[in-house]
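Quick note: residue numbers are just sequence positions, from 1.
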Amino acid sequence: MTATMPIQVTCPKCLKRFQVSDKFAGKQGPCPSCKNVIKVPSAEEQVVIHEAPSDAPTDSKGRSVLKPITREDTDVTRKGLILTIVSVIAIFTAAVGVRMMSGPDQTPIWASIAGILLLAPPLVWSGYNLVYDRELEPYRGAELWQRVGIVSAVFAVLWAVYAFAPAYVLDLDQASEMTWMVAGIAFAVMIVGGAFAALAAFDLEFPSGLVISGLYFLSVVLLALVAGVVLAGREVDDRPGPRAAPAAATALPSTSPTLAAIPPINKLLQDVESPRNV
């Protein structure tokens with residue numbers, strides 16, 4: 001007993017598609033939808049699509065022995081995210097401690113540099129896992145952390161734009177003496193430069209790189225405010241450190257009680273030359 005294969009039929013009038021048994025092949029009959037008389041194609045008239053031959057190795061039953069590549073979803077909601085949050089909280093807590101020990105606007109330079117360096121890796125890692133293209137295979141493991149390290153180093157170097165460029169152009173003693181408008185321009189340049197670094201390292205679109213860069217630099221600005229670091233708007237006379245003593249008065253009074261009591265020199269000479277009264 002041979003198995004029958006249904007024949008696909010399409011009515012040319014109403015375009016209704018249906019299947020009929022292969023025993024009606026080559027015969028005519030009414031369309032079940034519009035009753036138009038149609039001809040069922042014969043077996044020779046059917047279009048058969050054959051599977052393309054495969055060069056892959058097969059087993060004794062003709063089945064491929066190769067396993068399809070399965071995509072692994074990156075889990076960023078567990079261990080990595082928890083470590084990122086703990087790291088950021090620890091850095092901000094340390095900033096509060098430094099401010100309490102050293103006082104406002106007296107944060108040591110080593111503490112500022114440490115905050116810039118330590119805050120970059122967790123924020124770059126979390127930013128990448130937030131914005132990477134879900135249609136592409138993400139970076140993982142050592143390769144991911146190498147790229148995170150490169151981007152973090154570039155972010156730290158970009159702080160030189162804030163530290164030296166405005167002070168050099170405007171002839172300032174400290175970067176914090178620039179106005180907030182100049183500081184905003186410097187921060188914008190740093191964020192755009194960081195976006196290009198993230199774009200090149202992680203194969204991202206520019207808006208995605210901008211998210212990573214903005215997340216880091218805005219977090220560092222917030223860290224500086226928590227630590228009591230003045231980033232801009234400092235008055236020239238408000239620099240930290242010992243203040244100069246006021247200049248002593250140089251003008252002497254025209255007369256003093258002691259000098260006023262001494263007779264004029266010409267009066268003394270006149271008394272010596274005049275004869276004494278006997």
Membership question, hydrophobic clusters at under 4.5 Å side-chain separation (ILVMFWY): are Val161 and Leu117 in the same one? no

With a 3.5 Å cut-off and sequence neighbours excluded, list the donor-acceptor pairs that the side chains of residues 200-212 form with protein atoms.
from	atom 1	to	atom 2	distance (Å)
Asp203	OD2	Tyr139	OH	2.4

Does any non-hydrogen side-chain atom of Ser219 lie less than 4.5 Å from one of Val88? no

Are there more than 12 heavy atoms of other residues, nucleotides or ligands under 6.0 Å from atom CZ of Phe92? yes

Can you confirm if the aromatic rings of Phe164 and Tyr168 lie within a centre distance of less than 6.0 Å? no

How long is the straight-line distance from CD of Gln19 back to CD of Gln8, given to the nearest 0.5 Å? 4.0 Å

For residues Val189 and Leu199: do they belong to one hydrophobic cluster (side chain heavy atoms under 4.5 Å, members Ile, Leu, Val, Met, Phe, Trp, Tyr)? yes

For the student: nearest non-hydrogen atoms of Pro121 and Val148, plus distance: O-CG1, 3.7 Å

Smallest separation among heavy atoms of Thr10 and Arg17, with atom names: OG1-CG, 3.6 Å

Would Phe217 and Phe155 count as a close aromatic pair, with their ring centres under 6.0 Å? yes

Around Phe196, counting heavy atoms of other residues, nucleotides and ligands shown, do more than 12 lie under 6.0 Å from its CZ? no

If you compare all heavy atoms of Val98 against all heavy atoms of Pro108, which two are closest, and at what distance to 0.1 Å? CG1-CD, 3.8 Å

Does Arg99 reach the main-chain N or O of Val226 with its side chain, forming a donor-acceptor pair under 3.5 Å? yes

Which residue, Leu231, Leu215, Ile116, Leu225, forms the side chain to side chain contact (heavy atoms under 4.5 Å, CB included) with Val220? Ile116

Side chains of Phe187 and Leu218: closer than 4.5 Å at any heavy-atom pair? no

